[in-house]
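Written below as structure tokens is the structure these notes are about.
Note that ligands are numbered from 1 as they come in the structure, with each ligand's atoms numbered from 1 the same way. Numbering starts at 1 and runs along the sequence shown.
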Amino acid sequence: MSDLNIRPTAHALGAEILDVDLNDLPDSTFERIRSAFVEHGVIFFRDQKLTPEQHIAFAERWGTININRFFGKLEGHPRIAEVRKEPGQTINIGGSWHTDHSYDEIPAMGSILLAREVPPTGGDTLFASMYAAYDALSDGLKETLEGLNGVHSSRHVFGSAMPESGEFDGRIGNAAAATQDAIHPMVITHPESGRKSLYVNPGFTIGIQNWNSEESDPLLKFLYRHAVRPEFTYRFQWQAGSVAFWDNRATWHYALNDYQGEMRLMHRITLDGSALSRA
Ligand SMILES: O=C(O)CCC(=O)C(=O)O
Ligand SMILES: [Fe+2]
């Protein structure tokens, strides 16, 4: 047994895993990290020295790498997406609450984000636990949500009509691929933890199946407000070499955009997920 040190970051979610080198992980250590990921929803590592190849090698231990069709790629490494904001750019990527890929029929499991360059202050990422959000609902609303499906889309975010498409030039593209919608249960049973998780998000959920927007908007709005109660969240402060690996089935995230005029560059590898189901 290694002396792996797993320290929860908040009651609701997150764990920082210390004393570990992601380039040198015996299988037994990897299995403990896998359990921590399932238990805490997002895990963090510090001071990792990963080349792009080593980042890929670590990701491949978890499963199949998913290539996001909208993100700019790291040159020479199409499996690594860049999450970049240059000093002259004002809009960041992921700057509001969302869970990635919910617009896909089989949404990605999660992303392994590695900080390459961070601003002197700012640029933190917030995470929220959708287990905690679900657990805190009343039995009555839980029961109602059991029968409902959410409609998710990428059109309004990555499609050609998105308002900021000019500013995102070079960072986000392929708007023509933002065509499909996906339907998912509003409450899913997590495939690995077996826990129930609220599965709608302000970024990509556009409605409730078979409800009109006058009916669904107030309920979704309530859920969006409820889900980010401070006690369900954790705020992660990056340094170069920090790694965050989040579970899209159990969390939301929000990249703060409070570092205008500074550079921030992250490398992201996303992993394939499995179909989501209610039970
Ligand atoms: O830059 C970040 O902290 C996260 C950006 C984001 O939303 C993502 O990579 O999915
Ligand atoms: Fe994201």
Side-chain angles (χ1 to χ4, degrees), residues 9 13-14 16 41-46 48 52 55 59 62 65-74 77 79-87 89-104 107-119 121-130 152-154 156-158 162 164 167-168 170-174 178 199-205 224 227-228 233-260 262-273:
T9 51
L13 83 167
E16 194 153 298
V42 52
I43 52 178
F44 305 102
F45 305 90
R46 296 286 187 185
Q48 298 299 315
H55 189 185
W62 295 86
I65 293 176
N66 173 293
I67 301 184
N68 185 295
R69 56 195 183 281
F70 305 117
F71 278 52
K73 311 279 186 283
L74 176 63
H77 291 283
R79 292 187 293 175
I80 300 182
E82 279 194 338
V83 178
R84 172 190 286 274
K85 183 168 172 258
E86 304 270 355
Q89 294 172 326
T90 56
I91 298 171
N92 71 339
I93 292 172
S96 59
W97 283 113
H98 65 282
T99 190
D100 298 331
H101 285 248
S102 73
Y103 48 80
D104 284 334
M109 165 176 102
S111 283
I112 303 171
L113 193 68
L114 164 62
R116 291 291 182 195
E117 251 187 276
V118 296
T121 55
D124 297 353
T125 304
L126 304 174
F127 294 90
S129 168
M130 293 307 112
H152 301 251
S153 181
S154 60
H156 59 296
V157 180
F158 297 117
M162 72 177 181
E164 302 97 355
E167 236 261 57
F168 275 126
R171 291 187 289 166
I172 284 181
N174 199 18
Y199 197 75
V200 286
N201 72 90
F204 300 114
T205 310
Y224 297 160
V228 296
T233 71
Y234 173 67
R235 175 172 177 155
F236 182 66
Q237 240 172 334
W238 298 89
Q239 296 150 343
S242 301
V243 172
F245 178 19
W246 62 82
D247 184 337
N248 284 327
R249 292 88 45 103
T251 61
W252 291 355
H253 56 275
Y254 182 143
L256 291 181
N257 188 15
D258 56 352
Y259 54 95
Q260 298 304 350
E262 304 285 351
M263 175 77 189
R264 184 175 182 274
L265 175 63
M266 321 295 266
H267 285 181
R268 178 178 123 151
I269 299 182
T270 298
L271 292 155
D272 272 346

Verdict with supporting geometry, Trp246 and Thr99, side chain to side chain contact (heavy atoms under 4.5 Å, CB included): CA-CA 10 Å; Trp246 62 82; Thr99 190; 5.8 Å; no
Going by ring pair (Phe, Tyr, Trp, His ring centres under 6.0 Å), Phe127 matches just one of Phe44, Tyr234, Phe245. Which one? Phe44
Is there a ring-ring contact (aromatic ring centres under 6.0 Å, His included) between Tyr199 and His152? Walk through the geometry before answering. CA-CA 10 Å; Tyr199 197 75; His152 301 251; 5.6 Å; yes
Residue shell around ligand 1, heavy atom under 4.0 angstrom: Val83, Ile93, Gly94, His98, Asp100, Leu113, Thr125, Trp246, His253, Ala255, Arg264, Arg268
Criterion side chain to side chain donor-acceptor pair (under 3.5 Å) on Asn248 and His253, from CA distance to verdict: CA-CA 9 Å; Asn248 284 327; His253 56 275; 4.7 Å; no
By ring-ring contact (aromatic ring centres under 6.0 Å, His included), Trp238 pairs with (sequence neighbours left out) Phe236
Near the Fe ion (ligand 2), which protein N/O/S atoms fall under 2.8 Å? His98 NE2, Asp100 OD1, His253 NE2
Worked verdict on Thr90 versus Gln260 for side chain to side chain contact (heavy atoms under 4.5 Å, CB included): CA-CA 6 Å; Thr90 56; Gln260 298 304 350; 4.1 Å; yes
Does a donor on one side chain and an acceptor on the other come within less than 3.5 Å for Asn201 and Ser102? yes
Using the salt bridge (Lys or Arg N to Asp or Glu O under 4.0 Å) criterion, which residues pair with Asp272? Sequence neighbours excluded. none
Residue from Leu271, Thr270, Ile269 passing side chain to side chain contact (heavy atoms under 4.5 Å, CB included) with Asn66: Thr270
